[in-house]
Amino acid sequence: MTALGFLYPGHFAEDDYPRIEQLLGSDIRVDLVHTEIGEDALRVEALRGTGSAERLGAGMERLRLAGVETVVWACTGGGFVHGWQGAQDQVRTLARLAGMPASSTSFGFVHAAHELGVRRVAVGATYPEEITALFVEFLRAGGLEVTGTRSSGAGTAAEVAGWGEEDVLTLARAADDADAEAVLLPDTALHTAAHLGLLEKSLSKPVLTANQVTVWEGLRLADRRVNAPELGALFTREPIVQV
């Protein structure tokens with residue numbers, strides 16, 4: 001049994017995680033602990049507060065009791081708004097608090113793109129443009145080229161959590177760029193686990209979404225690769241453990 005731990009801010013699209021767990025197979029357990037979000041606002045200062053060491057530490061105390069092997073901060077904006085170096089410091093703090101390998105969704109996007117062998121990506125963000133721009137800077141610091149962006153301008157995670165399949169598909173299509181080898185949809189408040197097959201079929205290229213890459217990042221830290229095609233191209237890479 002591989003037990004993966006996740007710190008998830010608030011209550012928005014957390015039902016993606018049991019769905020993903022079900023598709024991964026019986027020997028992988030996904031444990032989710034909710035952290036305090038503070039102000040629900042897609043603004044820089046609010047997002048920095050969401051990922052503060054105090055909030056992560058409080059959540060880690062509860063998650064440690066679950067006996068997990070790795071921990072991932074399941075919040076994209078609460079990572080990349082600190083910049084590349086600041087996000088690394090955040091993960092190092094989390095690893096020290098947890099006493100185990102740690103990462104975040106932001107780094108998960110970079111690692112997942114490299115896993116797929118893609119360098120040019122398009123970004124479809126729920127965020128306001130100024131927040132999307134910070135994500136683009138983060139991706140570039142991770143060695144990726146961003147061919148284009150689409151910002152929806154949502155103001156809160158609660159708003160994003162109410163989006164349905166057609167909203168997600170519309171965002172992905174609007175973001176897609178002919179030069180992009182993959183499309184990235186950040187924001188762990190966005191429900192995407194049920195739509196990955198449709199997204200990739202519609203765009204004819206890999207689509208990386210926040211909750212998908214968060215779980216994949218946990219598996220990467222645990223040195224596991226799982227073949228689960230319903231979770232997209234990211235989960236069909238070698239080496240695999242057949243489900």
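Computed from heavy atoms alone, side chains included, the values below leave out hydrogens, waters and symmetry copies.
Residues Leu134 and Val136 share a hydrophobic cluster, clusters being chains of Ile/Leu/Val/Met/Phe/Trp/Tyr side chains in contact below 4.5 Å. By the criterion of side-chain heavy atoms lying less than 4.5 angstrom apart, applied directly or through intervening Ile, Leu, Val, Met, Phe, Trp or Tyr residues, Leu32 is grouped together with Leu24 in one hydrophobic cluster. Both Leu219 and Phe6 belong to a common hydrophobic cluster when Ile, Leu, Val, Met, Phe, Trp and Tyr are linked at side-chain heavy-atom distances under 4.5 angstrom. Hydrophobic clustering (ILVMFWY, side-chain heavy atoms < 4.5 Å, transitive): Tyr127 and Leu184 are in one cluster. When the side chains of ILVMFWY residues are joined at heavy-atom separations under 4.5 Å, either directly or via intervening members, Val68 and Val215 end up in two distinct hydrophobic clusters.
Here the straight-line distance linking atom CG of Leu42 with atom OG of Ser151 works out to 11.0 Å at 0.5 Å rounding. How far CG of Leu169 is from CG of Leu185: 10.0 Å, rounded to the nearest 0.5 Å. Separation of atoms CG (Leu4) and CD (Glu217) is listed at 11.0 Å; rounding is to 0.5 Å. One distance of note links CD of Glu45 with OG1 of Thr50; it measures 11.0 Å at 0.5 Å rounding. How far CG of Leu94 is from OG of Ser104: 9.0 Å, rounded to the nearest 0.5 Å. Atom CD of Glu129 and atom CZ of Arg150 lie 9.5 Å apart (nearest 0.5 Å).
Remark: the backbone N or O of His34 is not paired with any side-chain donor or acceptor of Glu14 at under 3.5 angstrom. Checking side-chain atoms of Thr192 against main-chain N and O of His195 turns up no donor-acceptor pair under 3.5 Å. At least one donor-acceptor pair closer than 3.5 Å links the side chain of Arg55 to the backbone N or O of Gly49. The backbone N or O of Leu63 lies less than 3.5 Å from no partner atom in the side chain of Asp31, so there is not a single donor-acceptor pair. Remark: side-chain polar atoms of Gln90 are paired, donor with acceptor, to backbone N or O of Gly51 under 3.5 angstrom.
In this structure the side chain of Val168 never reaches within 4.5 angstrom of the side chain of His191, judged on heavy atoms. Using a 4.5 Å heavy-atom threshold, the side chains of Thr188 and Phe12 count as separate. The shortest distance between side-chain heavy atoms of Pro186 and Phe109 falls below 4.5 Å. In this structure the side chain of Ile28 reaches within 4.5 angstrom of the side chain of Val226, judged on heavy atoms. Contact check for Leu139 versus Val123: side-chain heavy atoms found under the 4.5 Å cut-off. No side-chain heavy atom of Val72 sits less than 4.5 Å from a side-chain heavy atom of Leu7. Annotation: side chain of Leu231 is not in contact with side chain of Pro229 (no heavy-atom distance under 4.5 Å). Proximity of Met60 to Val71: side-chain heavy atoms (C-beta onward) are separated by under 4.5 Å at one or more points.
A pairwise comparison of heavy atoms in Gly124 and Ala175 identifies CA-CB, 3.4 Å as the closest pair. Smallest separation of non-hydrogen atoms from Ala210 and Thr105: O-CG2, 3.6 Å. Closest non-hydrogen pair, Ala172 versus Val183, comes out as O-CG1, 4.2 Å. Shown here for Ala222 and Thr2, the closest heavy-atom pair between the two residues is CB-CG2, 3.9 Å. Of all non-hydrogen atoms in Thr93 and Ala53, the two that sit nearest each other are CG2-CB, 4.3 Å. Heavy-atom minimum distance, Pro128 versus Ala154: CD-O, 3.3 Å.
With 3.5 Å as the limit, one finds no donor-acceptor pair spanning the side chains of Asp89 and His82. Remark: the Thr76 side chain and the Asp187 side chain contain no N/O donor-acceptor pair separated by less than 3.5 Å. A side-chain N or O of Tyr17 and one of Asn211 form a donor-acceptor pair less than 3.5 Å apart.
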Using the rule given for side chain to side chain contact (heavy atoms under 4.5 Å, CB included), can you reason through Phe235 versus Gln212, listing the C-alpha separation, both sets of side-chain angles and the distance that settles it, and then say yes or no? CA-CA 9 Å; Phe235 282 83; Gln212 171 211 37; 3.9 Å; yes
Test Thr35 against Tyr8 for side chain to side chain contact (heavy atoms under 4.5 Å, CB included), laying out the working first. CA-CA 6 Å; Thr35 61; Tyr8 186 94; over 6 Å; no
I would like to know whether Arg225 and Glu115 meet salt bridge (Lys or Arg N to Asp or Glu O under 4.0 Å); could you show each step before the answer? CA-CA 11 Å; Arg225 295 293 185 271; Glu115 171 78 0; 3.5 Å; yes
Yes or no on side chain to side chain contact (heavy atoms under 4.5 Å, CB included) for Leu190 and Trp163, after CA distance, side-chain angles and deciding distance? CA-CA 7 Å; Leu190 187 66; Trp163 287 23; 3.6 Å; yes
Trace of the side chain to side chain contact (heavy atoms under 4.5 Å, CB included) decision for Arg43 with Leu47: CA-CA 6 Å; Arg43 294 185 291 101; Leu47 289 168; over 6 Å; no
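Under the 30°/60° scheme for interplanar angles, the aromatic rings of Phe138 and Phe80 are found to be tilted.
More than 12 heavy atoms of other shown residues, nucleotides or ligands fall within 6.0 angstrom of atom CZ in Arg220. Enclosure of atom CD in Glu69 by more than 12 non-hydrogen atoms of other residues, nucleotides or ligands within 6.0 angstrom is indicated. Few gaps surround CD on Glu130; more than 12 heavy atoms of other groups in view lie less than 6.0 Å from it.
By the 4.0 Å N-to-carboxylate-O rule, Arg19 lies too far from Asp16 to be salt-bridged with it. Salt bridge present: Asp27 and Arg224 bring a charged side-chain N and a carboxylate O closer than 4.0 Å.
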I'd like a table of donor-acceptor pairs (distance under 3.5 Å, sequence neighbours excluded) in which one partner is a side-chain atom from residues 198-206, with atom names and distances.
unit_1 : atom_1 : unit_2 : atom_2 : d
Glu200 : OE1    : Ala233 : N      : 3.0
Glu200 : OE2    : Val207 : N      : 2.9
Glu200 : OE2    : Ala233 : N      : 3.2
Ser202 : OG     : Arg173 : NE     : 3.0
Ser202 : OG     : Arg173 : NH2    : 3.2
Lys205 : NZ     : Asp176 : OD1    : 2.8
Lys205 : NZ     : Asp177 : O      : 3.0
Lys205 : NZ     : Ala180 : O      : 2.8

Let me check something: any side-chain donor-acceptor pairs from residues 140-149 under 3.5 Å, sequence neighbours excluded? List them with distances.
unit_1 : atom_1 : unit_2 : atom_2 : d
Glu145 : OE1    : Arg119 : NH1    : 3.1
Glu145 : OE1    : Arg119 : NH2    : 3.4
Thr147 : OG1    : Val121 : O      : 3.4

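Every residue two or more places apart in sequence or in another chain that forms a side-chain contact (heavy atoms from CB on, under 4.5 Å) with Ala112 is listed here: Leu208, Val213, Trp216, Leu234.
Checked against the 6.0 Å centroid threshold, Trp84 and Phe107 count as a close aromatic pair.
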